[in-house]
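Input: a single structure, listed below in structure tokens.
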Amino acid sequence: MPGAGSKALFPKSSTIQVESFDLRETLHSGQVFHWQEDGNGGWIGCLGEQPVWLAQPDAGTLLVSAGSEDAAVCYLGLDQPLSAIHETFPEGDAVLAEAMAYSPGLRILRQPVWECLATFITSSLKQVAHIRRISLLIRSRFGVEHTFQGNRLFAYPGPEALADAGEAALRQCGLGYRAKSLALTAGAVASGRVDLNGLENLDDALAREALMELHGVGEKIANCVLLFGCGRYGAFPIDVWMDRILRSKYLSPAQSRKMNARALQAWAEARFGPYAGYAQQYLFHYARNALNK
DNA sequence: GGTCAGGTTCCGA
DNA sequence: TCGGAACCTGAC
């Protein structure tokens, strides 16, 4: 147990000054499902293959295990121009303003694309606790193990490992019907039939189409991957929570009835602009936590 | 023990 | 094109 008997300590860590950032809220905002608390105010997890420890002892200070500073800044979105992003939001939007005030420290993560894609394929029609359970199980069964300060950690297995594992073994991780989608998608990526690295050469619409060719990937999951993995901040995933808050807070019942999912998607992208995905994250977190009481 | 969940696919109009 | 049903599993 690292730092036993003390708070937020780690043998070798670096201090990074941060502003408008909340580590706990960000790791709990439904973008990622594998970070574990170390019992001393810190978090452990993997950035890709690399085991990392993170802690935020006070609002302006982030501690990162030595050697992972740059990776953590990128992963946590600390290099994103937050105030410039906020300036692109529609003026006079009281709902969005309230959502931003509710959790001003939220950031959009930049996760490894495969890990993000595979995790969201397993998320369909699942509650967060279950997504987390499945994610950790897949890691521990098929991922590379690391021993890190006395903790056992597992990196997310690559597409080859999951393709080799096959549908039946994946099903044993509690995936249900999603096992088929994950196995097929892992096979498509492992064989090179789909090139995730090539996504960065495509514009948002084409990248989304390419992702949606994969089995088990519809518009919502494709948008999650673009936003949380590819740094496409205009992507706007609409799940049941977003559907609820958009319809109840922005549209009259009559307007809402006239809008199907596709129309709502277009409306939201137009309303919230080039950083719509950031607006989405504030609204989503707010809808799930503040409005769900 | 029943209900329902952070979606996608498939099928019939 | 569009709406509705089916799909595995586990948390509540």
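Note that this is a predicted model, so its numbers are computed, not measured. Order of the sequence lines sets the chain letters (A, B, ...), proteins ahead of strands, with each chain counted from 1.
- Here the C1' atom of nucleotide C:dT9 and the CG atom of A:Leu136 are 17 Å apart, to the nearest Å.
- In this structure, A:Arg133 places its CZ atom 16 Å from C1' of B:dA5, rounding to the nearest Å.
- Atoms CG and CG, from A:Leu78 and A:Asp70 in turn, are 11.5 Å apart once rounded to the nearest 0.5 Å.
- Each of A:Arg271, A:Gln265, A:Glu269 was scored for a side-chain contact (heavy atoms from CB on, under 4.5 Å) with A:Trp267, with one residue passing: A:Arg271.
- Atom C1' of C:dA5 sits at a distance of 16 Å from the matching atom of B:dC4, rounded to the whole Å.
- Taking 3.5 Å as the limit, the base of B:dG6 and the side chain of A:Arg288 contain a donor-acceptor pair of atoms between them.
- At a threshold of 4.0 angstrom between heavy atoms, the contacts of A:Val128 include nucleobase atoms, whether or not backbone atoms are also involved.
- If you check distances only, the side chain of A:Lys126 does reach the base of C:dT9 with a donor-acceptor pair under 3.5 Å.
- Looking at heavy-atom distances under 4.0 Å, A:Gly174 makes contact with sugar-phosphate atoms alone, never a base.
- Among the heavy atoms of the strands lying under 4.0 Å from A:Leu125 is at least one base atom, whether or not backbone atoms are also near.
- Distance check on atom P: C:dC8 versus B:dC11 gives 14 Å, rounded to whole Å.
- Using a cutoff of 4.0 Å between basic side-chain nitrogens and carboxylate oxygens, A:Arg24 and A:Glu37 are scored as salt-bridged.
- Residue-to-nucleotide proximity on DNA chain C shows that, of A:Ala261 and A:Arg171, the 5′-proximal contact is made by A:Ala261.
- A:Ile238 comes within 4.0 angstrom of nothing in the nucleic acid, heavy atoms only.
- Side-chain nitrogen and oxygen atoms of A:Arg262 include none within less than 4.0 Å of the OP1 or OP2 phosphate oxygen of C:dT1.
- For A:Phe148 and A:Phe10, the gap between ring centers is short of 6.0 Å.
- Of the candidates C:dC2, C:dC7, B:dA5, C:dC7 carries the atom nearest the A:Tyr177 side chain, counting heavy atoms from C-beta on.
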